[in-house]
Amino acid sequence: MAMEAQAPKTNLLLIIIITSLITNPSLSQTQEQEEPFTSILISQKGLNFIKTLLITKAISSSIPLYLPTISKSINYPFLGSVHISLSNITIYEFGVSSSSDIIIPHDDVSIIAKGVTCNLSINWEYDYFSWVGPFKVSDKGNASVLVEGMDIELTIGLENKEGTLKMNLTECDCHVKNISIKLDGGASWLYQGMLNAFQEEIGSAVENAITKNLREGILKLDSFLQSLPKEIPVDDYSSLNVTFLNEPFFSNSSIGFDINGLFRARETNPTHKLFEKNTMPPVFCTDNTKMIGISLDEAVFNSASALYYDAEFMHWIVDKVPDQSLLNTAGWRFIIPQLYKKYPKDDMNLNITLSSPPMIKILERNLDATMYADLTIDVLQEDQTIPVACISLVIRGSGSVQISGNNLTGSVKLNDFTMSQNWSDIGNLRLYLIQPVMRTIIQTVFLPFANTQLSKGFPLPIVHGFTLKDAISRQNKEVFNQLKRQNKPYVKSIKSSDEDIIDCVKLTDQPAFVHPLLKNHTIQLLPTFDLEWEQSKQIDEKPITQLWELSGSCPDGTIPIKRIKRNILLRESFFANKNLSINSKKSSKAVYEEAGAYVYGGKYFGARGNINIWNPQVQKGEFSKALISVIGSNNPDTIVDSIEAGWHVNPTMNGDSKTRLFFSWTNKGDKNFCYDLRCPGFVQVSKKVVIGGVLMPYSVYGSKQQFMLNLIIWRDSVSGHWWLIVGKEKVGYWPKSLFSYLRKGASRAMWTGRIKNYIDTSDHHTTTQMGSGHFATEDYGKASYISNIYIADERNNMIEPSLLSYISRPECYSFTNPPINPFFRTHIYFGGPGRNKDCEL
């Protein structure tokens, strides 16, 4: 949505909070809720708007800016020592070129203004003792100074602090390139002397003053943000809770926020009703050409519905209709004859009361509303109101959400309704005669009244001085479709202690069969035969578990699927970056770095490895993985088909920093990998393993006891499908029809650690750890390793391969390939801390 600024002065971070507040039409009913019901995206256009406001308003709002007095003595030929003083140094004007930018390098915001100019006025004076005689010579006057080519850079961090948005200035630089001075009076020697003597001092004073002013402004703004209320009134009865949840999420072109919010009554304790997040996607009000996107969960609408229902606002007495004859018993004499017979020509009211809060559901193209109402026919006699009959209605309608001005508005239309007699004092009603009249009343009275109220809308909490302009509302179809694919109807749901929700989905209802190549696929419940391989001996390795297993299990005929959350999908889309490369230090904003081993040059029909589990520290927007993979290609430098599996820490994808089981795959040279079950293809048959589930426990640095993830990716030589085996559990398979090269075997296999490194504006290397976060040379118990490395040949023999190594940045992450031993057989060590004294850039 476009936004027009009317306030004359503001500040950058005030704008950031304003843009987030603008988009909070639904807020928290209780802070105990853990799920956000509203998500906000500030797009590139919105960020450009912030940049413009910063440049044109925030910087210029600091004027007039006063600099300290500068004095010094200068030796001039023939004159001796001349004392010169510059006072009343005042910056009275800023000029900003269009060559400025706003960058989101990692988990903060950098705003760079280039080519800034400023004009200063100065009072100067000098004095010296004449060499002709012992008397003092002095003069004074004014000067104007032009500072050119100034660059200003702010780096601002944003974080969630107890439900409010906190900001801190992590970097503030101002650099002056050129200064010119114009004297009003004075001799030429004075001009040159001042230029030579004071250019550096004036530049330094300007830099220090602007930096100090901006730092103070950020501190004031942070204090202002901390003082903002967490609840904003909507009307006399309801309010919105603007409590922030989760940390802000950043991409190279947007900033996102999560708000946990439902409507609540003003000045009352939160209602006891707790709204659960729906698995259906939200309404998403966004447009690439607009500044801000708003995502609303259907619980938002249902919380408002429940709130106003509890307040007894959903009760109407209809005493005026387009056909006023319907409010007299004479108008009903052929429809309800007994009514007219008992109360001839008496006036009537229609008393409409909702018997429960309207229920709102979000569909792909609109909102669906179901209302349960009781319509009581009241006869008016003198001072009496006599209820004579009650009809129960179930009204089903559909609607849409729009943004009009500074309000969130909507409209609703009738789809259908049903009716039944509730009670009657005038005998049984002929509902088939009443139904056409009731439809007329609903369409000409009830819906126009509802649409009149909806057209007024709920006011968005706009800070004074800003107006929403040219806003649109539509649903995010990509998010909708992905949620629809992933979150299938379930037989049983399990809430894990790690906060995951695991849905037990029928085997035949899993996401795999959405894939067009698997429409008529016959499920293979087990591989054709079991693999055999030599186990490691006498080593203190323990298998891992998944925490969800402690909370329950899925019944036979179902598979466990981790429920995907809408805000996680939005977060992922913010971090989407197609400009990635491997072993490229400066060619793009993000790179992959690896340390591991591979085989190439033969035909491989499986890969095995035992990976010990760690929980490396990962910066926002990045990940750390340990994996095995098989690759199909006719070129060693390209990937056509690929399957990889292992553990990873990926806050962007999972919303936390826990170590989780993952797999990903791609085909036909597509550079976008499919993770876990998020796109159709992998057919799961196990009811015991959750793809994307948390792995526990972790290995401990310095301990002899290591916890292992035992993995096999193996091609069934009969069916041609590629199976994933975790421990001894046959989890499922990728059907051969998905691949071109891999259906005949792999041309490469890998055992590696991998991290994603965002290159920030300072070009510092990431501190994201690989493996244990320690170098490979630290060996067992300290470094990450993959042991019992095997490949499968075409006869399903498990063979220990001769490994080749690949290390993209050995000073950041290292690799060793020790000799075979009876405990680990063929094995590798890998990992490292990332940035260190030898790995700065």
Side-chain angles (χ1 to χ4, degrees), residues 35-36 39 41 104 106-107 245-252 254-258 277 279 281 295 476 478-479 481-483 485-487 496 498-503 511 546-548 560-578 580 590-593 613-627 629 642-666 670-682 689-695 709 753-758 766 768-770:
E35 289 286 348
S39 294
L41 166 65
I104 307 177
H106 198 275
D107 55 358
L245 280 185
N246 305 323
E247 295 296 333
F249 37 106
F250 303 81
S251 78
N252 59 351
S254 58
I255 304 175
F257 302 93
D258 284 337
K277 195 163 191 66
T279 58
S295 175
N476 189 328
E478 182 180 353
V479 171
N481 290 332
Q482 191 163 352
L483 283 170
R485 285 195 304 265
Q486 174 77 14
N487 296 331
S496 173
D498 55 27
E499 299 182 354
D500 284 348
I501 298 176
I502 309 302
D503 294 329
Q546 291 188 301
L547 285 181
W548 77 277
I561 299 179
K562 182 169 77 79
R563 186 181 299 177
I564 192 170
K565 300 175 182 178
R566 177 256 310 164
N567 61 303
I568 296 298
L569 282 184
L570 295 174
R571 186 186 300 264
E572 285 181 38
S573 66
F574 299 155
F575 278 105
N577 190 331
K578 297 181 180 179
L580 298 175
V591 298
Y592 292 145
E593 295 180 14
I613 308 295
W614 297 92
N615 184 238
Q617 296 181 5
V618 174
Q619 290 188 234
K620 288 183 181 178
E622 301 182 349
F623 60 65
S624 182
K625 301 179 179 181
L627 59 94
S629 69
S642 175
I643 297 171
E644 61 184 31
W647 60 256
H648 71 169
V649 177
N650 192 331
T652 303
M653 177 174 294
N654 299 310
D656 57 41
S657 296
K658 298 169 184 173
T659 302
R660 294 175 177 270
L661 173 68
F662 89 98
F663 67 64
S664 64
W665 62 280
T666 189
D670 189 348
K671 295 181 180 180
N672 297 316
F673 279 68
C674 292
Y675 275 85
D676 300 344
L677 302 179
R678 298 194 179 194
C679 47
F682 181 80
V689 175
V690 172
I691 304 300
V694 175
L695 300 173
L709 176 61
R754 182 183 300 153
I755 66 99
K756 182 179 181 180
N757 174 22
Y758 267 110
T766 181
T768 288
Q769 299 173 339
M770 180 187 293

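Position 1 is the first residue of the sequence, and the numbers go up from there. Computed from a predicted structure; not experimentally measured.
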S664 versus E644, side-chain donor and acceptor atoms under 3.5 Å: yes
- prompt: Between D498 and R660, is the closest basic N to carboxylate O distance under 4.0 Å?
  reply: no
task: To the nearest 0.5 angstrom, please state how far the CD1 atom of I755 sits from the NE2 atom of H648.
output: 15.0 Å
- prompt: In chain order, what residues pass the side chain to side chain contact (heavy atoms under 4.5 Å, CB included) check against D676, with sequence neighbours excluded?
  reply: F662, I691
Donor-acceptor under 3.5 Å (N615 side chain, S657 main chain): yes
message: W647: which residues meet the side chain to side chain donor-acceptor pair (under 3.5 Å) condition with it, sequence neighbours left out?
response: none
message: On a heavy-atom basis, which atom in T768 and which in S624 lie closest, and how many Å separate them?
response: CG2-CB, 4.2 Å
- request: Report the residues that fulfil salt bridge (Lys or Arg N to Asp or Glu O under 4.0 Å) with K562, sequence neighbours left out, ordered by chain and then residue number.
  value: none
query: Between N650 and E622, which heavy-atom pair has the shortest distance, and what is it?
result: OD1-O, 4.1 Å
- prompt: Can you name the nearest heavy-atom pair linking L547 to S496, along with the distance?
  reply: C-OG, 3.8 Å
- prompt: Can you list the residues that meet the side chain to side chain donor-acceptor pair (under 3.5 Å) rule with W665, with sequence neighbours excluded?
  reply: none
message: Does the plane of the ring in Y592 sit parallel, tilted or perpendicular to the ring in F623? Use 30° and 60° as the thresholds.
response: tilted
task: Measure across P651 and V618 and return the closest heavy-atom pair with its distance rounded to 0.1 Å.
output: CD-CG1, 3.9 Å
query: What residues form a side chain to side chain donor-acceptor pair (under 3.5 Å) with S642, not counting sequence neighbours?
result: none
- prompt: Of all residues at least two apart in sequence or in a different chain, which pass the side chain to side chain donor-acceptor pair (under 3.5 Å) check with Q769?
  reply: none
query: Within a strict 4.5 Å, meaning less than it, do heavy atoms of the L677 and F663 side chains meet?
result: yes
query: At what distance, to the nearest 0.5 angstrom, does CG of N654 lie from CG of D500?
result: 8.0 Å
- prompt: Which heavy atom of I502 sits nearest a heavy atom of P560, and at what distance?
  reply: CG2-CB, 3.6 Å
message: Within this structure, what is the CD1-CG distance for the pair I613 and L709, rounded to the nearest 0.5 Å?
response: 4.5 Å
field: Interatomic spacing from CD1 in I643 to SG in C674 - rounded to 0.5 Å
entry: 11.5 Å
